[in-house]
Amino acid sequence: MSVLDLYSYLLIGLGVLFFCTGTLGLLRFPDALSRLHALAKADNLALGLVVLGLLPQASWPLGAMKLLAVWLFALLASTTVGQLVGEAIRRGDPFR
Amino acid sequence: MIPAATLFGLGAALIIGLGLFGVILHPEPLRKVLAFNLLGSGVFVLFGVVARRGGGRLEGVPFGDPVPQALIITGLVVAFAATVLAVALVLRLAQADWTHADDSHRGGQGQVPQPSPDAAPDTSADLSPGLPPDQARAPSPRAVGPAAASRSVPNASPPAAA
Amino acid sequence: MSFPILIIETLAGGRLLVLALVLPLLGALLAFSTGGRAARRIALVTALAGLVVAAAIALQLTSSAAALDYAFGGWAPPLGVSLRADGPAVMMLVTTALVIAATMVYAGVDFQPAAGQREGRSGLVFWTLLLALWAALNAIFLGQDLFNLFVALEILTFSAVPLVCLNGRAETIGAALRYLLFALLGSVLYLLGAGLIYGAYGLLDLGLLAARIQADAGAAPPALWLALGLMTAGLMAKTAIVPLHLWLPPAHSGAPAAASAVLSALVVKGAFFVLLRLWFDLVPVPAGWLLAQMQGALGAAAILLGGVMALRQTRLKLMVAYSTVAQIGYLFLIFPLAGADAAVAFITVGVALDAGTAALTGGLLQIVSHALAKAAMFLAAGRIAARLGHDRIDDLGGVGRAMPLTLLAFGLAGLSLMGLPPSGGFAAKWLLLRAAVETGQWWWSLAILLGGLLTAGYLFRVLATALREAPDDSAIADARAGTGPAAPGPALAILLLAGLSVLLGLVPLGYWELIQIGRPGLYQPLGMVP
Amino acid sequence: MTPTLFADLGLLIILLGLALLITAARPAFIAVAAYMAYGLVMALAWVRLAAVDVALTEAAIGSGLTGLLLLGAVAWSQRHTQFQARRLGLRPGIPRRAGAGRGLTLLVALACGGVSAGLAWVVLTLPEPAPSQVPLVQAALPITGLGNPVTGVLLVFRAIDTLLESVVLVFALVGVWSLASDPAWGGRPRSLHVVQHSGALVLLGQLLPPVGILMGLYLFWVGADAPGGAFQGGTMLAAMWLLVLSAGLAEVPAVASRRLRLLITGGPLLFLAVGFSGWAFAAGFLGYPPAWSKPLILAIEAALTLSIAAALAMLVAGPPERPTAADPQPDPQPERNQQRGHR
C-alpha cells in the first residue's frame, strides 16, 4: 500500500464518518429546518472529502476534473434544494 | 458460490412480487402507478440479469449482451410514457370528481348525452356494475353544487412539479 | 448455433408489409404536426392508401399461396426484426382496414372544430390516435418478434385509452384509468415472459423460437412454461376475458361511438391475436392441455356471464359492450378444441376438415365476423343515441320508423352475433360446434348454444322495442320533426359493415383455406372433396 | 464471500428495503421519495450488471423524470384535496380508502409470492452457458461503423423498435393533451413556475443550463461509441428546459404551436425518411448504405435527441390549461391565498 492509497483510505473514511453524522442528524433532530441543516452541511463536506480521497486514484487530468465537477454540481444542487425546502417550510406547504 | 447476476435475479423476483401485490391491491390510484413502476423495474432487472449472464469479460472489463440492454432502454422510455398518461388521468379524475356536474357537450356527437338531473348524484352506478370496492375512484364529494364546482376549475390547476 | 447476419430483401410483396405498418404511422405523425382541419383529410387519404395496401397484400398472398416475409434493414433474425404475413394475419389486416375506413366515414364531420376555431381538441386527438391505433394493430398482426410485439401492444394501449375518455366526463375518465391499469399490468406481464424466453433461448423471433422449441420437444425449460403462463395471463387481461373483464363495459360504452366501434371490434382482438401466435405458432396447443381446458372454461363462463349481464342492461351501448364480453368468450374455445386429438376428421359442405383446423378456422371467422358486426352495432347505437339524445332501451319505441336503415344494420349485425344462418357468425359458431361434437367435448357445445339463446334474448328485446310505435311525448317525435335529411354516408358505412358480417357466411368454406397459408406443419392442410 | 459480492448483497438489501417502503409506506410522499432513492441506487446496480447505458437512462428517466412527475402529482392532489375540503367545510385531511378484505389480501399475496418463487426458480435454472447474441452483434457491428453495441442494436439491428418507441412518446403526449378542457385547447400547459421569488432557483436556472445542455449534447454525441445516446441526451436537455421553466425564466409553449409540434415529430419523421431511403440505397427499409451509416445514424440521433427532449418536457408539463388569450397575466394563485387565510 503506497502513501497515496493510505491517504485515500483516510479521507474516504473521514467522508463516510461525516455522511453518518449527517444521517444521524437527519434522523434525530427535532424539526425540519435543523434536519436540513444537518444534511446540507455534513453531506457536502463528506462528499468533498470522498472526492479529495479519490483524486489520486483517478486518471489525470480528465478523471480528476470530472470528480471535482461532480462535487461542484452536487454543492450547487444541494444549496438550491436547501433554499427551496427552507422556503417551502416557511410558507407552510403541505410537505413537512 | 452464487454469481452476482443470480443474486440480482433473485432480488428481481422479490421486487416483481412486491410490485405485483401493490398494483393489484393498493387502493389509491397514484400508489398503483408507483407500484407499477416498481414492478416494471423488477422486470428490467431480470432483463439485465439475462444480459449479464450472456456477456463476459473483455480485457478484464465486464460487459453484457447488448440486445437485452437495448430492450431495457426502450422499455424504460415506454414505461415513462405509461406513467405520464396514468398520472394525467389520475389528476384529471380527481379534478373531475369535484366538478362532475360540469359535463356539457364535450367531444364528438357520437357520445350519449347523459340525462344529468337523475344521473348526477352517482353517475358511476350505472356504468360500473359489480366493480370491486378497490376500483380507482377518488372520494366522491356529493355535496358539491354545480356553481361551487365550476368556480373551482381555474384554481385547481394541477401541479407544478416541485 | 449459427445464423446468417444479412439477408437479401425479398420480393416487392414484402415491401407492402412495411407500408401496412408505416403508412398509418406516417399519417398519424403528419395529422398531429399539421393539426386543424387537415388532420381529417390526412386520415381519409391514409385510409384509402391503407385499404389498397391491405387488398394488395391479400392478392399477393392468394396468388402466391405462400407467406410474405420482410426483414428490416436486411438484418436477418435473430439479430434483426422481421414481419410476416400469413393467412390469419392477412385476414386481420383486411378486416382492420375495412372497419377503420368505415369508422372514418361514420365519424365524418363529428370531430371537426367548431366554426371560427382552427383546431378542436377531440378532432386532433381522434384522427391522430385512430391512425396510431391502426398502425399498432397492423404491427401486431405482422409482428414476428416478441419485443416488437410488446412495443406494438403499448402503442395500441396508448392510442386506445385517450379515445375512451374523449368526451371528458368524470365517469369515462375513471373507466379510461381502469382500462389503462389493466392494460399496463398485462403489458408488463407479457414483457416479463419475453425476458424469460430470451434468457432461456437467446431468441425473440417467433419462427426461430418455434423451431427450437419443437426441436427439443418434451425437454422445455421451466422458464418457457412460466413465461407462457405470465404472458397468457397478461394478454387475457388485455383481451378482457372473464374474470378480467371488469374494465371493458364502462370503457367501451363510455367512449364516443366511433371509438367504441374500433375498441370493441379490433383492439381486444389485437391482444387475442398475440395469444393465438403464442399458442399456435410458438408451442403447439396439445403441449398445454390443462391450460387449454382452463382457457376454454373461462371462455364458456364469459359467454354465459356476458350474455346474462347484457340481458340485464337498460342502456343500449352498455348492452352492446357486455355482448362483446360474451363474444370474446367464443374465441377462447379455440384452445381446447384445436388442441384436441387432431386426427379426428369430418366432412362438411364438401370440405374435409380435421377438428383442429375446424376450430381454428371457426375462431378466426368469429374474430372477423364479430369485428364487422360489433363495429356496425356500436355505430348504429351511436347514431340512435345521437338522434334520440339518450340510449335507454325501454324508450327506443319508434326508432324503426325514424331510422330504418340504421335499425336494419343493427338487425343484420345481430344476426351474425346470434349465429343465425346464413351469417358469418353462423359459420364460425357452427364450425366450433362441430369441432366440439366431433372431439367428444360436448360440454363446450352447450355453452355455444346457450350463448346463442342469450344473445337472441337481448337483441330481440332491442329490436322489438325499436319496432314499436313511439309514444307521442317521446324524444323520437321531436327528433323526427327536427332533423332534416341526414347525409347518407354514415348510415351506408354501418350497413356495409353489417352486410359484410352476414355475407361472410356465404363464402364457400373451401375458400378459408386462405387461413392455412404460411402455416406449415402444425396442422394438416385442408383437402377438397371432389 | 468476495468483497464485490458483499457489496452487491448490500446494494440488493437497500433496494429491497426501499421497494418495501414504496409498497407499504402510508404517506404517498414517503413512497415517492423512496422511489426516487430506489432509482438512484438502481442506477448503481446497473453499473454492477455491466449496463452503463441502462444506468444512465435509469438515473435520468426512471428516477429523475418519473420521480419529478409523481412528486408533483402527490403534491397537487394533497393540496387540491385539502383546498376542496376546506372550501366545502369538510374536515381537512385525506380520506382513507377502504382497502381489500383480509381474505382477498391473503389470496393476492399468495399469488404474488408464487410468481416470485417461480421466477426465483427460473433464475436458478437458466441454461448454462447462457445463450446470447453477443457473437452476432460482434460480427455485425463493424458493418455499422459504430463502437457502442447498444447503440448498434437500438439504431441499426432493431431500428424499428426504436422508431416505434420514439413515436410512443408522441402518442402519449397526444393522450395527455387530450385530457384538457375544450376551452383550454391550443393554450399553454399550467405554468411550472410555482415558487414565487426564489433567488436560488433563478440562479440555478441561469447557471446550470449551459453546462447541462453541453452535457446533453455530449451524451448524444458520445453515444455512437461509448455509453450514451439520444434518450439519455434528450432527457438531460428536457431536464434543463424544465429547470428553466420552473425558475420562471421562460414560458411553456402553447400546444397549438406549429413549431413545437414539428420539433416533437421531427425526429421520428426524419427516421422514417431515412428508413424509406433504404429501399433505394441500402438493403431495405431502415437499412443504411455501409459508407453512410455512421453519419446517417448521427443525424437521426441528433433529430431524435431534440424531439425526445421536447416531448419529455411537454409530457411533464401536462395538458394545456390556460387559453392563450389570457396569457400575459401570471397564473393566479387564489388557492394559496385561501390557504394562508385559513391558517
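In the text below, chain A, chain B and the rest are named by the order of the sequence lines, each starting its count at 1. Heavy-atom basis, side chains included; hydrogens, waters and symmetry copies ignored.
- Contact of the D:Val150 side chain with the B:Val67 side chain is not registered, since no non-hydrogen atoms from C-beta on lie closer than 4.5 Å.
- Between chain D and the options B:Gly75, B:Ala82, B:Gly48, heavy-atom pairs under 4.5 Å are most frequent for B:Gly48.
- Note that the CD1 atom of D:Ile22 and the NE2 atom of B:His26 stand 11.5 Å from one another [nearest 0.5 Å].
- Side chains of B:Ile73 and D:Gln232 form a contact here, defined as non-hydrogen atoms less than 4.5 Å apart.
- A donor-acceptor pair is defined here as one N or O able to donate and one able to accept, closer than 3.5 Å; no such pair exists between the side chain of D:Arg158 and the backbone of B:Ala70.
- At least one side-chain heavy atom of D:Val123 sits less than 4.5 Å from a side-chain heavy atom of B:Leu46.
- Between the side chain of B:Asp65 and the backbone N or O of D:Gln133 there is at least one donor-acceptor pair closer than 3.5 Å.
- B:Leu76 has its side chain out of reach of D:Phe231: every pair of non-hydrogen atoms, C-beta onward, lies at least 4.5 Å apart.
- Heavy-atom pairs under 4.5 Å with chain B peak, among D:Leu173, D:Val52, D:Thr57, D:Val122, at D:Thr57.
- Taken from CG in B:Leu91 to CH2 in D:Trp76, the straight-line distance is 5.5 Å, to the nearest 0.5 Å.
- Neither the backbone nor the side chain of D:Phe171 comes within contact range of chain B; no heavy atoms are under 4.5 Å apart.
- D:Ser116 places a side-chain N or O within 3.5 Å of a backbone atom of B:Ala13 that can act as its donor or acceptor partner.
- Rounded to the nearest 0.5 angstrom, D:Ser178 OG and B:Arg92 CZ are separated by 9.0 Å.
- Residues B:Gly55 and D:Val134 come closest through the heavy atom pair CA-CG2, 4.4 Å.
- Here the CZ atom belonging to D:Arg48 is positioned 6.5 Å from the CZ atom belonging to B:Phe8, to the nearest 0.5 angstrom.
- Taking all atoms of both residues into account, the shortest heavy-atom contact from D:Gly175 to B:Leu85 is C-CD1, 3.7 Å.
- Rounded to the nearest 0.5 Å, atoms CD1 (B:Ile15) and CE (D:Met42) are 4.5 Å apart.
- B:Leu18 places none of its side-chain heavy atoms less than 4.5 Å from the side chain of D:Cys112.
- Among the candidates D:Val108, D:Ile61, D:Leu15, D:Asp53, the residue making the largest number of heavy-atom pairs closer than 4.5 Å to chain B is D:Val108.
- A 4.5 Å side-chain heavy-atom check between D:Leu5 and B:Leu7 finds at least one atom pair inside the cut-off.
- Across B:Ala81 and D:Leu169, no two heavy atoms sit closer than the pair CB-CD2, 4.2 Å.
- Ranked by non-hydrogen atom pairs under 4.5 Å with chain B, the options D:Val115, D:Leu126, D:Ile308, D:Val137 are led by D:Leu126.
- Of all heavy-atom pairs between B:Gln69 and D:Leu49, the closest is NE2-O, 4.2 Å.
- Residue with the most contacts toward chain D among B:Val90, B:Val33, B:Leu30, B:Val61: B:Leu30 (heavy-atom pairs, distance under 4.5 Å).
- The minimum heavy-atom distance between D:Ala73 and B:Val87, with the atom names listed, is CB-CG1, 3.6 Å.
- In terms of heavy-atom pairs under 4.5 angstrom with chain B, the leader among D:Ala172, D:Gly39, D:Ala31, D:Gly114 is D:Ala31.
- Only the side chain of D:Leu11 has a heavy atom closer than 4.5 Å to any heavy atom of chain B.
- Checking side-chain atoms of B:Arg53 against main-chain N and O of D:Ser132 turns up no donor-acceptor pair under 3.5 Å.
- Ranked by heavy-atom pairs under 4.5 Å with chain B, the first of D:Leu242, D:Val168, D:Asp161, D:Thr105 is D:Thr105.
- Of the two parts of D:Leu70, only the side chain, counted from C-beta on, holds a non-hydrogen atom closer than 4.5 Å to a non-hydrogen atom of chain B.
- Using a 4.5 Å cut-off on side-chain heavy atoms (C-beta onward), B:Phe80 and D:Leu312 make contact.
- Interface remark: of the candidates B:Ile72, B:Thr74, B:Leu20, B:Thr74 forms the most heavy-atom pairs closer than 4.5 Å to chain D.
- Among all heavy-atom pairs drawn from B:Phe44 and D:Trp46, the shortest one is O-CH2, 3.1 Å.
- Remark: side-chain polar atoms of B:Arg31 are paired, donor with acceptor, to backbone N or O of D:Ala25 under 3.5 angstrom.
- When heavy atoms are compared at a cutoff of 4.5 Å, D:Trp121 does not approach chain B at all.
- Per-residue counts of heavy-atom pairs under 4.5 Å with chain B were compared for D:Ala109, D:Gly318, D:Ala24; the largest is that of D:Ala109.
- Ranked by non-hydrogen atom pairs under 4.5 Å with chain D, the options B:Gly19, B:Ala12, B:Ser41 are led by B:Ser41.
- Put simply, CG on B:Leu25 and CG on D:Leu104 are 5.5 Å apart, with the number rounded to the nearest 0.5 Å.
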